[in-house]
Amino acid sequence: MGIIRALVLASAGTAAALVAVPAIAADAATQLPEAAPSPVWTFTVEPYFWMAGMNGRVGVRGLEPADIDVDFSQIFNHIDWSPPPVMLAGEARNGRYALFTDFIYLGLEADGTSAGPLGLSANADMNTVVWTFGGSYRVVDTGTATLDVLAGGRLWYLDTDLTVTGPLAVREASGSKTWVDPLIGVAGNVALGNGFGLHGEADVGGFGVGADIDWQVQGTLQYRYSDSVTLEAGYRYLAVDYDNDGFVFDIAMQGPIIGARFRF
């Protein structure tokens, strides 16, 4: 009888344990921390218009560089509208990491002067492509302010027709150049409240790899119209100093900038 009683008690204990194990496991599962959600990719596209004046020196092999100066207030009279300018920026972000791009095509005609004893007049007809690209990492994010460090490159393509007119002759030359400047920089945002915010960025590059120096600064006031649309307006300055094999492009481009950023 003692053996039978022991077997009955052991069977009852085993059954109780089998019943309790799922409950204990379920309770333990409820106490485990939830897995952090995976970062989600977000994308922004921003068409914009930069009323960029241009001043500096432009040269093509065979002719002395010409000094040109076009103020941004005169830019609509100097833009070649066929084909029209194209200005488009974009970003793909995943958490603290992002990829960015900024593409500009601008056709511009400018008058100036060329060095010489008689002060020769000059005309430069330029088709310019500026493509900035790279990646960034967010080092600061307080909820109201962010700071990103970035690295990448800026590709320049220039196709220039230069005409120099003197009292005795007219001289013409054409040429094109393509190069890529490495760059590093920072970008940041500060929320002001009521949908308004400030955005600023700066980068520097070239370092003799392509141009001697290539740098820009930009600041804008932003207004978040909706969760997917942000409007902004500000000022941008971009300068480059390139001189290679008789081709000279030592230029500063600056002026107001307006745009609309779409997020999805």
Side-chain angles (χ1 to χ4, degrees), residues 33-53 72 75-76 79 81 83-107 128-157 183-205 215-238 253-264:
E34 294 183 2
S38 301
V40 177
W41 282 99
T42 60
F43 303 89
T44 60
V45 175
E46 181 179 7
Y48 65 91
F49 185 67
W50 181 26
M51 292 170 280
F72 69 81
I75 193 66
F76 289 101
I79 289 178
W81 296 97
V86 177
M87 302 176 186
L88 187 67
E91 180 188 75
R93 176 168 293 277
N94 190 327
R96 291 184 177 268
Y97 297 91
L99 301 173
F100 63 87
T101 185
D102 185 347
F103 179 85
I104 298 172
Y105 167 77
L106 179 64
T128 307
V129 171
V130 187
W131 177 35
T132 306
F133 56 89
S136 67
Y137 177 74
R138 181 152 291 174
V139 295
V140 175
D141 190 347
T142 67
T144 57
T146 64
L147 179 66
D148 296 352
V149 294
L150 59 90
R154 185 148 43 234
L155 179 147
W156 292 82
Y157 169 76
L183 63 85
I184 54 176
V186 294
N189 297 279
V190 177
L192 300 178
N194 297 320
F196 288 94
L198 296 175
H199 172 78
E201 58 185 88
D203 62 58
V204 61
W215 65 281
Q216 77 162 336
V217 291
Q218 177 177 321
T220 58
L221 174 65
Q222 300 180 327
Y223 175 68
R224 189 170 183 178
Y225 179 76
S226 68
D227 288 343
S228 57
V229 179
T230 298
L231 308 177
E232 65 177 335
Y235 201 85
R236 183 179 190 179
Y237 183 100
L238 172 61
M253 304 171 66
Q254 61 179 314
I257 184 172
I258 57 174
R261 183 175 302 175
F262 301 92
R263 182 178 181 271
F264 56 95

Heavy-atom closest pair, residues [X] and [Y]:
X	Y	result
Tyr48	Ile257	CD1-CD1, 3.6 Å
Ser136	Leu150	CB-CB, 3.9 Å
Leu231	Ala260	CD2-CB, 3.9 Å
Val140	Arg96	N-NH1, 4.2 Å
Gly197	Leu221	O-CD1, 3.4 Å
Phe72	Pro256	CD1-CD, 3.5 Å

Working to the nearest 0.5 angstrom, can you tell me the gap between [X] [atom1] and [Y] [atom2]?
X	Y	atom1	atom2	value
Trp156	Thr132	CH2	OG1	8.0 Å
Asn94	Trp41	CG	CH2	5.0 Å
Phe103	Trp131	CZ	CH2	9.0 Å
Asp203	Gln218	CG	CD	9.5 Å

Pairs where residues 185-197 contributes a residue and the test side-chain hydrogen bond (donor to acceptor under 3.5 Å, both in side chains) is met, not counting sequence neighbours: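 Checked against side-chain hydrogen bond (donor to acceptor under 3.5 Å, both in side chains) - neighbours excluded - the pairs reaching residues 185-197 are Thr146-Asn189, Asn189-His199.
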
Ring centroid separation for Phe100 and Phe133, is it under 6.0 angstrom?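 Between Phe100 and Phe133, the centre distance exceeds or equals 6.0 Å.
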
Provide the full list of ring-ring contact (aromatic ring centres under 6.0 Å, His included) pairs with a residue in residues 219-238, sequence neighbours left out, each pair given once.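 ring-ring contact (aromatic ring centres under 6.0 Å, His included) check on residues 219-238 returns Phe196-Tyr223, Trp215-Tyr237.
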
Between [Y] and [X], is there a side-chain heavy-atom distance shorter than 4.5 Å?
X	Y	value
Ile104	Thr128	no
Met253	Gln216	no
Arg261	Thr220	no

Who are the salt bridge (charged side-chain N to carboxylate O under 4.0 Å, His left out) partners of Arg236, not counting sequence neighbours? Asp102

Go through the steps for Tyr157 and Tyr105 under the test side-chain contact (heavy atoms from CB on, under 4.5 Å), then give the verdict. CA-CA 9 Å; Tyr157 169 76; Tyr105 167 77; over 6 Å; no

Heavy-atom count check: over 12 atoms from other residues, nucleotides or ligands less than 6.0 Å from Tyr137 OH? yes

Just do the side-chain contact (heavy atoms from CB on, under 4.5 Å) check on Glu91 and Glu46 with the steps written out, would you? CA-CA 9 Å; Glu91 180 188 75; Glu46 181 179 7; over 6 Å; no

Verify the distance criterion only: is there a donor paired with an acceptor across the side chains of Arg263 and Thr44 at less than 3.5 Å? no

Please assess Phe262 against Val229 for the test side-chain contact (heavy atoms from CB on, under 4.5 Å), listing each intermediate value before the final yes or no. CA-CA 5 Å; Phe262 301 92; Val229 179; 3.9 Å; yes

Would you say Trp50's side chain and Gly255's backbone share a donor-acceptor pair under 3.5 angstrom? yes

